[in-house]
Amino acid sequence: MHIYSRASAAGKRVQCNMGAKNHAIMLPDADRDATLNALIAAGFGAAGQRCMALSTAVFVGGSESWEDELVKRAGGLVVNSGTVNDADLGPVISRQAKDRICNLVQSRVDSGARILLDGRKIVVPQYEDGNFVGPTILADVKSDMECYKEEIFGPVLLLMKAESLDDAIQIINRNKYGNGASIFTTSGVSARKFQTDTEAGQVGINVPIPVPLPFFSFTGSKASFAGDLNFLRYTLLSLTPLDPSPNSKAGVQFFTQIKTITQQWKESPAQRVSLSMPTSQK
């Protein structure tokens, strides 16, 4: 916001990618196996250090029937150096990041949440002093908890409960961020309601990270984006000099200046002066 304020005050066009708290709603009719795999991949991939990480899972009807299998699959992920081929999770970016993640997890535990899987004390052989955080799953999370209000940016999956689809959508809409949201269901009616009512710029239906490639604009909303239009996430592909870099419509509009050209060609000089706005031309 500081950058946005300074730049816009100077008359500059500004696009600022802000924070995120991405949600996924699980309906009881969802494909159980595919949904579990999606939660694990989107929640813990890149050690949760990506703006589209799926950090909050909202279970309509409760999470209890999902918890054992979630813990089993997350606990089977390999945490190791990012240069090791079989590693599923590497370290987080710094000691400060690790400490922040662990403190946010502890704040939730202190507030009464259940910790189903604790990755804070994981030790990786040969990297005993590394900045590693293993997959961590917290259940019974409430919207007033600090770990929910803040973007954790680590391998931590928060489990919340909702009584109905409407209740779950309201949980998402009450959050200040509007980056991405997904739903897992086999009901087209539920999916249509979700995509219409959810206040998020990027919506996924049975897709955990709703980021298609490459011709699209980042469409985060609310506190997830500040500025004019939206920016293109991916701009560099294998291109020839005659093949310009691909851009979404919003990206082109942001990086170019519109020029309006009005022309009139007459076969003979005007007979008199007209002071009215022209309504037709030849």
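We number each residue from 1, following the sequence as shown.
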Over all atoms of both residues, closest heavy-atom pair of [X] and [Y]:
| X | Y | answer |
| --- | --- | --- |
| Gln195 | Ile205 | OE1-CD1, 3.3 Å |
| Ile122 | Gly134 | CG2-N, 3.5 Å |
| Leu158 | Cys147 | CD1-O, 3.6 Å |
| Asp167 | Glu163 | OD2-N, 3.0 Å |

Does either side chain, that of Ser81 or that of Thr83, offer a donor lying less than 3.5 Å from an acceptor on the other one?
yes
Between Asp118 and Thr136, do the side chains contain an N or O donor and an N or O acceptor separated by less than 3.5 Å?
no
Return all side-chain donor-acceptor pairs below 3.5 angstrom for residues 45-61, not counting sequence neighbours, or 'none' if the list is empty.
unit_1, atom_1, unit_2, atom_2, d
Gln49, OE1, Ile93, N, 2.7
Gln49, NE2, Ala46, O, 3.4
Gln49, NE2, Pro91, O, 3.3
Arg50, NH2, Ala41, O, 3.1

Distance (rounded to the nearest 0.5 Å) between [X] [atom1] and [Y] [atom2]:
| X | Y | atom1 | atom2 | answer |
| --- | --- | --- | --- | --- |
| Asp140 | Glu67 | CG | CD | 7.0 Å |
| Lys161 | Ile171 | NZ | CD1 | 11.5 Å |
| Trp66 | Leu116 | CH2 | CG | 14.5 Å |
| Gln126 | Glu128 | CD | CD | 7.5 Å |

Minimum side-chain heavy-atom gap [X]-[Y] below 4.5 Å:
| X | Y | value |
| --- | --- | --- |
| Leu70 | Ile137 | yes |
| Val105 | Ile115 | yes |
| Leu36 | Phe184 | no |

Return yes if some donor-acceptor pair links the side-chain N/O of [X] with the main-chain N/O of [Y] below 3.5 Å, else return no.
| X | Y | answer |
| --- | --- | --- |
| Thr198 | Ala200 | no |
| Asn22 | Ala181 | no |
| Asn80 | Ala87 | no |

Could you check, using the six-membered ring where one of them is a Trp, whether Tyr148 and His23 have ring centers closer than 6.0 angstrom?
yes
Looking at [Y] and [X], is any side-chain nitrogen of the basic one under 4.0 Å from a carboxylate oxygen of the acidic one?
| X | Y | value |
| --- | --- | --- |
| Asp144 | Lys142 | no |
| Lys193 | Asp166 | yes |
| Arg192 | Asp197 | no |

Using side-chain contact (heavy atoms from CB on, under 4.5 Å), reason through Ile183 and Leu27 one step at a time and then give a plain yes or no.
CA-CA 8 Å; Ile183 188 171; Leu27 293 185; 4.0 Å; yes
Tell me whether the count of non-hydrogen atoms from other residues, nucleotides or ligands lying under 6.0 Å of [atom1] in [X] goes above 12.
| X | atom1 | result |
| --- | --- | --- |
| Asp110 | CG | yes |
| Arg6 | CZ | no |
| Asp86 | CG | yes |
| Lys149 | NZ | yes |

Sorted by chain and number, sequence neighbours left out, side chain to side chain contact (heavy atoms under 4.5 Å, CB included) with Ser65 holds for Arg32
Could you go step by step and tell me if Arg174 and Gln170 meet the side-chain contact (heavy atoms from CB on, under 4.5 Å) rule?
CA-CA 6 Å; Arg174 283 194 297 266; Gln170 285 306 308; 3.5 Å; yes
Going by the salt bridge (charged side-chain N to carboxylate O under 4.0 Å, His left out) test, name the single residue among Asp68, Asp33, Asp88 that passes it with Arg73.
Asp33
